[in-house]
Amino acid sequence: GVNKNGGVIMAAKEMSVQKRAAILLAILALFVALDILPTPDGLTLEGKRSLALILCTTLIWISNVLPLGLVAMGALLLMPVLKLCTLPQAADKFCEPVFFFMVANYVVANGLAVTGLDRRITLLLAIASKGNAKKLLFIFMMGAAILSMVLSDMGVVLMMLPIALMLLRATGCEPGKSNYGRAIMVGLPVAALIGGMGTPAGSATNVLSLTVLENTAGIQVTFTQWACLGVPIVLLLVPIVYKIVWCVYRPEITSLQGMENAQEQLRGLGQMKGQEKKFIAVMLLLILAWLTESVHGLPIAITTTLGALVFFLPGIDVLNWENTKNAIMWDIILVVNSCSALGSVIWDSGAAAWIANDISVLLDGQSVVVMLIILGLVIAYAHLICPVNPALVSIFVPITCTIAAAQGLNPACLAIPIGFMVSAACLIPLDAIPLVCYGSGYFKMIEMFKSGVFIVFAWVLVVTLIMMTIAPMLGLM
């Protein structure tokens, strides 16, 4: 099956022991070969080894021959072995604020599920469409995007998917045959990915981007600054993508059946329970804390962790450790934080500067607009080779910081769009978010690509537009 993780592809079928061993040996042989080969001009031995390490680590993650978390820890422990840094330095690079944010974010998402509020929200969204197929697609996409601004993309997709499937089945939309089924199953995960860009809390890769930016260029970007860019991108991009999805798949129906079932299920939930009200109250306070970061000075990792702890307090008791510990995806936390450490090593070893020199030839003399478009397209299509979002962040953010500094630009003006574009995993379902909906059988990989090429282009243009119009006002250009 599918593993519930953000940005890391899982093998759909179990591999034989022989095949796993062969893949692992091939990747190890590649690492040894890269280490033996002469070091290219301008690149240090440490730089070459850091690039080889992240390449081979990513290949092992993609091939799924070893557990994700163990590979992440192995990559971290290889840093001192390869003389890239000392063990205490590796541990220091690993234990970044993004670690605490991710644990807390999983706790908050679990609170939504445990209270049953997730099902109530999804049913209300479905009923709001009044059986209009076109309206339901838009409401589901915009609803998923808005929720994903403050909740994990995967959690949002998992809570909305069952209701979408129920309505599709009730209307007779068959997997593999229904164009409306294709539109819903492609539109839902893409909308969640778009919404994840809205605020730093929407995705761990957002926080990772900010962490790597601060570590490499010494620039701090607040929650509000990010949201002033991210929220307009979401609100502008979702309607455009909705139109693209509708036009590409040309759904065969205009009205839906099964609204009676949705209303019946909502009635079965009864009035909003005390636990649901407590969750909403804590969530509103948490959002307020995020938005006032510049006033109280507490970074998002601290406020989110404190907010998560409130759910366990006596008298609140929305959560307990027994119903929470299994909801925290420790393997993904290890992946993201090991990528943060690898990104720091790529920067410290000079490997980022070496790659930036080659890329800067492409960008030399170009305007900021052209640079943003080129980088956006490169990142989006890089998902076809490396569908591991944290790895893309750890590679490209240090590189763009170097390019920006060389051209006298604020590194944030190129690094923040990397954080936005790394979410554009909408060409084929390699990322775990669309992969969950792909498992429903409503669309083939190539069918996602049909809309994906237009979505990526729109994504790049909208990000570029917002960066050029709003970023200067925030002092980020």
Side-chain angles (χ1 to χ4, degrees), residues 6-9 54 58 61-62 141 145 148 153 186-198 202-206 208-209 212 229-230 232-234 236-238 240-245 248 339 343 355-356 359 362-363 366 368-400 403 413-435 437-438 443 445-468:
V8 182
I9 181 169
I54 195 166
T58 303
W61 280 331
I62 294 170
M141 288 182 67
S148 291
D153 301 348
V186 170
L188 178 59
V190 171
L193 288 168
I194 293 170
M197 295 187 292
S203 171
T205 52
N206 298 348
L208 180 62
S209 299
V212 176
L229 296 165
I233 290 172
V234 173
L236 190 56
L237 189 55
V238 171
I240 294 171
V241 172
Y242 154 74
K243 285 285 187 185
I244 291 170
V245 168
V248 168
C339 282
I355 297 173
I359 295 179
L362 251 181
L363 305 177
Q366 302 290 352
V368 177
V369 170
V370 174
M371 283 196 285
L372 288 173
I373 291 172
I374 291 172
L375 286 170
L377 291 172
V378 167
I379 292 292
Y381 282 89
H383 282 96
L384 298 176
I385 303 166
C386 175
V388 185
N389 292 351
L392 291 174
V393 168
S394 62
I395 293 168
F396 281 98
V397 170
I399 291 168
T400 52
I403 292 170
C413 79
L414 296 183
I416 291 174
I418 298 298
F420 291 143
M421 286 308 308
V422 82
S423 295
C426 50
L427 289 169
I428 54 176
L430 296 178
D431 183 278
I433 311 299
L435 200 58
C437 292
Y438 175 70
F443 66 94
M445 283 202 176
I446 192 64
E447 288 171 337
M448 186 174 189
F449 191 82
K450 287 178 184 177
S451 61
V453 287
F454 298 108
I455 292 170
V456 161
F457 192 64
W459 202 308
V460 172
L461 292 182
V462 169
V463 168
T464 301
L465 173 66
I466 297 300
M467 286 300 300
M468 294 306 296

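Numbers for residues simply follow the sequence, beginning at 1.
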Worksheet item: Of the non-hydrogen atoms in V370 and Q366, which two are nearest, and what is the gap between them?
Response: CG1-OE1, 3.4 Å

Item to complete: Could you tell me whether a side-chain N or O of D153 sits under 3.5 Å from a main-chain N or O of P189, the two making a donor and an acceptor?
Response: no

Worksheet entry | For F396, ring pair (Phe, Tyr, Trp, His ring centres under 6.0 Å) partners two or more places apart | none

Practice prompt. Check whether any side-chain heavy atom of W61 sits under 4.5 Å from a side-chain heavy atom of C339, and report yes or no.
Written response: yes

Discussion item. Ignoring hydrogens, what is the shortest heavy-atom contact between P232 and I466? Give both atom names and the distance.
Written reply: CB-CD1, 3.9 Å

Worksheet item: How far apart are the closest heavy atoms of I54 and S394, and which atoms are they?
Response: CD1-OG, 3.3 Å

Item to complete: Calculate, to the nearest 0.5 Å, the distance between atoms CG and CG belonging to L377 and L372 respectively.
Response: 11.0 Å

Item to complete: With rounding to the nearest 0.5 Å, note down the distance linking CD1 in I194 to CE in M141.
Response: 6.0 Å

Please tabulate, one pair per line, all N/O donor-acceptor pairs under 3.5 Å involving side-chain atoms of residues 414-427, not counting sequence neighbours.
none

Discussion item. If the condition is ring pair (Phe, Tyr, Trp, His ring centres under 6.0 Å), which residues does F454 pass it with, not counting sequence neighbours?
Written reply: none

Worksheet entry | A380 versus V456, closest heavy-atom pair with distance | CB-CG1, 3.5 Å

Fill in: Shortest non-hydrogen contact between G195 and V234, atoms and distance
CA-CG2, 4.0 Å

Worksheet item: Do the non-hydrogen side-chain atoms of L193 and P434 ever get within less than 4.5 Å of each other?
Response: yes

Discussion item. Return the CZ to OG distance between F443 and S451, rounded to the nearest 0.5 Å.
Written reply: 8.5 Å

Worksheet entry | Heavy-atom side-chain proximity of V190 to M448 below 4.5 angstrom | yes

Worksheet item: Measuring from I240:CD1 to I244:CD1, what's the distance to the nearest 0.5 Å?
Response: 7.0 Å

Worksheet item: Would you call L465 and L236 a side-chain contact if the rule is heavy atoms closer than 4.5 Å?
Response: yes

Worksheet item: Could you give the distance from CE (M197) to CG (L237), rounded to the nearest 0.5 Å?
Response: 5.5 Å

Response to the item:
Looking only at heavy atoms, the pair that brings G187 and V245 closest together is CA-CG2, 4.4 Å

Discussion item. Suppose we screen for side chain to side chain contact (heavy atoms under 4.5 Å, CB included). Which residues come up paired with V369, at least two apart in sequence or across chains?
Written reply: S367, I373, T464, M468

